[in-house]
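Here is the structure we will look at, set down as structure tokens.
This structure is a prediction, so every number in the text was calculated from the model and none was measured. Just the heavy atoms: all of them, side chains too, but no hydrogens, waters or symmetry mates, feed the values below.
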Amino acid sequence: MDRYDAHTVETKWQRIWDESRAFEVPNPEPGAPRNERKSYVLEMLPYPSGTLHIGHVLVYTLGDVLAHFYRRTGSDVLRPMGYDSFGLPAENAALKEGEHPRDIVERNIVSIRRTMKRLGWAIDWSRELSTHDPEYYRWTQWLFLKFFEAGHTYRKAALVNWCPNDQTVLANEQVRDGHCERCGAEVEARKLEQWFFRITAYADSLLDEMKDLDWPERVLAMQRNWIGRSEGAEVLFRVDELDIDIPVFTTRPDTLFGATFFVLAPEHPLVDRLAEQSPNADEIRTYVRKAGARPVEERAAGTDKTGVFTGFFATNPVNDARIPIWVADYVLMDYGTGAIMAVPAHDERDGEFAERFDLPVKVVIDDDGKLVDSAQFAGLPHDEAAKAIVEWLGSHGRGRPAVSYRLRDWGYSRQRYWGCPIPIVYCDDCGIVPVPEEELPVILPEVEDYKPKGIPPLAQAEDWVRVPCPQCGKEGRREVETMDTFVDSSWYFLRYCDPKNEDAPYDRELADSWMPVDHYTGGLDHSTVHLIYARYFQKVLNELGLSSHREPFKRFFGNGFVTQGGAKISKRVGGAATPDELVESYGADATRLSILFIGPADQDMEWTPSGVEGMQRFLRRLWRLVGEVADNSSAGGAPDDGALARRAHRTIARATDDLGRRQQFHTPIAAVMELVNDLSKAPDDPAARFAAETTVSLIQPYAPHVAEELWERLGHERLWEQPWPQADPAFLEEDTFELVVQVNGKVRDRFRVPADLPEDELVARAKESPKVQAHLNGGEIRQTIVVPRKLVNLVVG
RNA sequence: GCCGAAGUGGCGGAAUUGGCAGACGCGCCGGACUCAAAAUCCGGUUCCCUUCGGGGAGUGUGGGUUCAAGUCCCACCUUCGGCACCA
């Protein structure tokens, strides 16, 4: 038999799959019967600002293994691919290269697609989509209109994170330690009119419906953290001089008697009113201005507290104590009510502030957790006291139980060029007017210069901006902001279900039949952002009657990062081996195997060249052994129940369980390697052909090209369509087993015995062993433990 | 500080329900083939002691439960990830 040559084999089968459209799954005619079992296998779509790196090889090979496995275990498998092609990185790359972002992403898409095909991923290419394609973003805009009509999106002036370098607004999720996640520039606070999705209205749905998700606990925990629900109370403090009540949110109503001062955020709307009537007016206004200009990072750091006294006092509803009202920037306007009661004895931050400004501290909870100095509540354990105090507040009209969230509404306005235009017209008479559905898509116009200058580049396209108001016909102006790309990726999985639809984003019945995604795979860096936004979208679509499902991703597998030479591999790091180079040097199959064999795919892993060399060796060995079996007609006997046949069945059972239930991708490879080792030691076994076929069949999801070639040499065809092998339970049972004999818990002997020996016989044989007797030392056996089919443990005095 | 994950040979890791620790691979050592090398094949490879029969220790640390613990319980250490002036 000839030598294993990866390139010949891989080009041959890639051509056959392409020509036979092997992995396309046509949508059924309406009403036609369809396979009961479906599996929607999806990985996060790539961002075409560069080419693929080895991290992508991991993600898409994971999905590929699952897609093959589920197809061969009887499901209709939907496995599409597309490109998240709008967004900043492409635009920044374009600016650097002096090219149009569209040219850059489209060139990258061609290259990415070629690499994907060279890796032999089983993708339904007929469903390919790009989010920058007007045929796609037309429907992003259409969905925006539905959200707008139903009040799920709105405009408000808000303090935003402004990146001075990228000249755009960033979501909270895109700010890391006060710096822009993408370019690293220090983020500034700015007040701007922005578009928001009302995601906070779904905070409880997002939390409660996690119970329906088969997701890693750590991802769910991150989302819980991110939503940050906390229960407490809202309490009204009276300001007599102004005849107003100011609400505060607290998680510790039990400490109400310990409040010794009161703090407003500098941005609080009442601060202006207080300043007007305060003798300290100038001081207050200066402070507010300074606080606003203070770098976001410095303000969040929590060091050195600052603040200013307003000259006013608030009245504590429980004890009528008059406490001074301060303005301080350690209180945030966009959490709770923007005002707090300060309890320096029981809150670290309030404590620091009190120390800095020499304010009184009053202890109201003792070391046993009981209330002191708190009128009729004194002596109660603090958790009971919290309830009692809230009840008292309620009955006196001064407070009520309340819930607060860390989650903010999703601001998605971007002052950049390369994104989906927001289909809105501003009219002096009619206000904010949506573009009528039939005028979609609002095409992203060409502009002279899309360099960010603080005003959105689309504003330059004067002819495009000026448009008659859809309502009154008077001249209006188009919205010149574009959408965050996370909007594009919040519904793409639905479009895949019906990607060519020209009348709707997708046919609801088709989408309902494929959704939810059964196996979603992607990086843990999207644990909060993309995965929360997509969940939110799905819930709104459900309530708008556009989908039956409330969760988009039933099962999520978060893959680890791949490092090379200790550095995280991303589009920012150069010098790493590229997927194309690996395929060139080792072949697609060896590359695919090596990335999955490194270790558990949900943990970070270091990629080394020696791994792929080992896989190349394994494949050569497999090629030679299977070739020998295929050429040896005498090895073709019916599989008996010999050792090799049993090994093969056990390997099937292990691989099936690992892939289907345990989501473990590296151990099936080890199991198959063991079987190959067994086969190499018994090439003339009557079950040799069966073992060879089993090996080839089980390795197919990982190394589909070489598997297909060997399958053909074994005299069969179209392995990718063959049913996944099934382990025969009769072959899993051994008729002998190795009995382990322990004395006082230490292994002293082991030997094979028939599987059907009764327990007393097992004990008798154990005692007979000379090695065991040496350790028994003639002592009295006080206890005998027998574990069927495993061991005997003799406990002596 | 709060939440989450993880600590096993020289390295990546396996051990699924408490029952033989170290599967599989990498690396290394030895051997075969070769004029030689590469490739390939065969064997060995947790550590310590050994009279070569075997013996002892061992899964981050210290305790505990159990006939039996990598696995369960308690306390702690370290690393990684997330959140954090969020009241």
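If you check every strand for non-hydrogen atoms under 4.0 Å, A:H775 touches sugar and phosphate atoms only. Residue contacts for A:S230: at a heavy-atom cut-off of 4.0 Å it reaches the sugar-phosphate backbone alone, with no base atom in range. Using a 4.0 Å heavy-atom distance criterion, A:R789 is classed as making no nucleic acid contact. Residue-level contact check: A:G336 touches neither bases nor backbone, having no heavy atom under 4.0 Å from any strand. Within the 4.0 angstrom heavy-atom criterion, no nucleotide atom of any strand lies near A:R782.
A:M222 places its CE atom 11 Å from the P atom of B:G81, with the value rounded to the nearest Å. Spacing between atom CG of A:L596 and atom P of B:C26 amounts to 17 Å, rounded to whole angstrom units. Taking atom NZ of residue A:K305 and atom P of nucleotide B:C85, one finds them 10 Å apart after rounding to whole Å. Following rounding to the nearest Å, A:Y405 (OH) and B:A87 (C1') show an atom-to-atom distance of 17 Å. Distance A:R406 CZ to B:C2 C1': 13 Å, rounded to the nearest Å.
Contact annotation: A:K681 side-chain N/O to B:C41 OP1/OP2 distance is not under 4.0 Å. Between A:R624 and B:C41, a side-chain N or O to OP1/OP2 separation shorter than 4.0 Å is present. The shortest distance between the side-chain N/O atoms of A:R617 and the OP1/OP2 oxygens of B:C26 is below 4.0 Å. Taking only side-chain nitrogens and oxygens, A:N677 comes nearer than 4.0 Å to OP1 or OP2 of B:G25.
In this structure, A:R3 fails the cation-pi test against A:W623, since its NZ or CZ atom is not both closer than 6.0 Å to the six-membered ring centre and inside 45 degrees of the ring normal. Note that A:K305 lies outside the cation-pi zone of A:F353, set by a 6.0 Å cut-off to the ring centre and a 45° limit from the axis.
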For RNA chain B, the dot-bracket pattern of Watson-Crick and G-U pairs whose distances stay under 3.5 Å, | for other-strand partners: (((((((..(((......[....)))((((((.......))))))((((....))))..(((((..]....))))))))))))....

Sequence neighbours left out, cut at 3.5 Å: what donor-acceptor pairs do the side chains of residues 739-748 of chain A make with other protein atoms?
unit_1	atom_1	unit_2	atom_2	d
A:N744	OD1	A:V796	N	3.0
A:R748	NH1	A:H775	NE2	3.4

Classify every nucleotide of nucleotides 5-22 of chain B by which part a protein heavy atom approaches to under 4.0 Å, writing B for the base, S for the sugar-phosphate alone and - for neither, in 5'-to-3' order. -------BSSSB--BB--

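B:G53 and B:A38: their P atoms are spaced 35 Å apart (whole Å).
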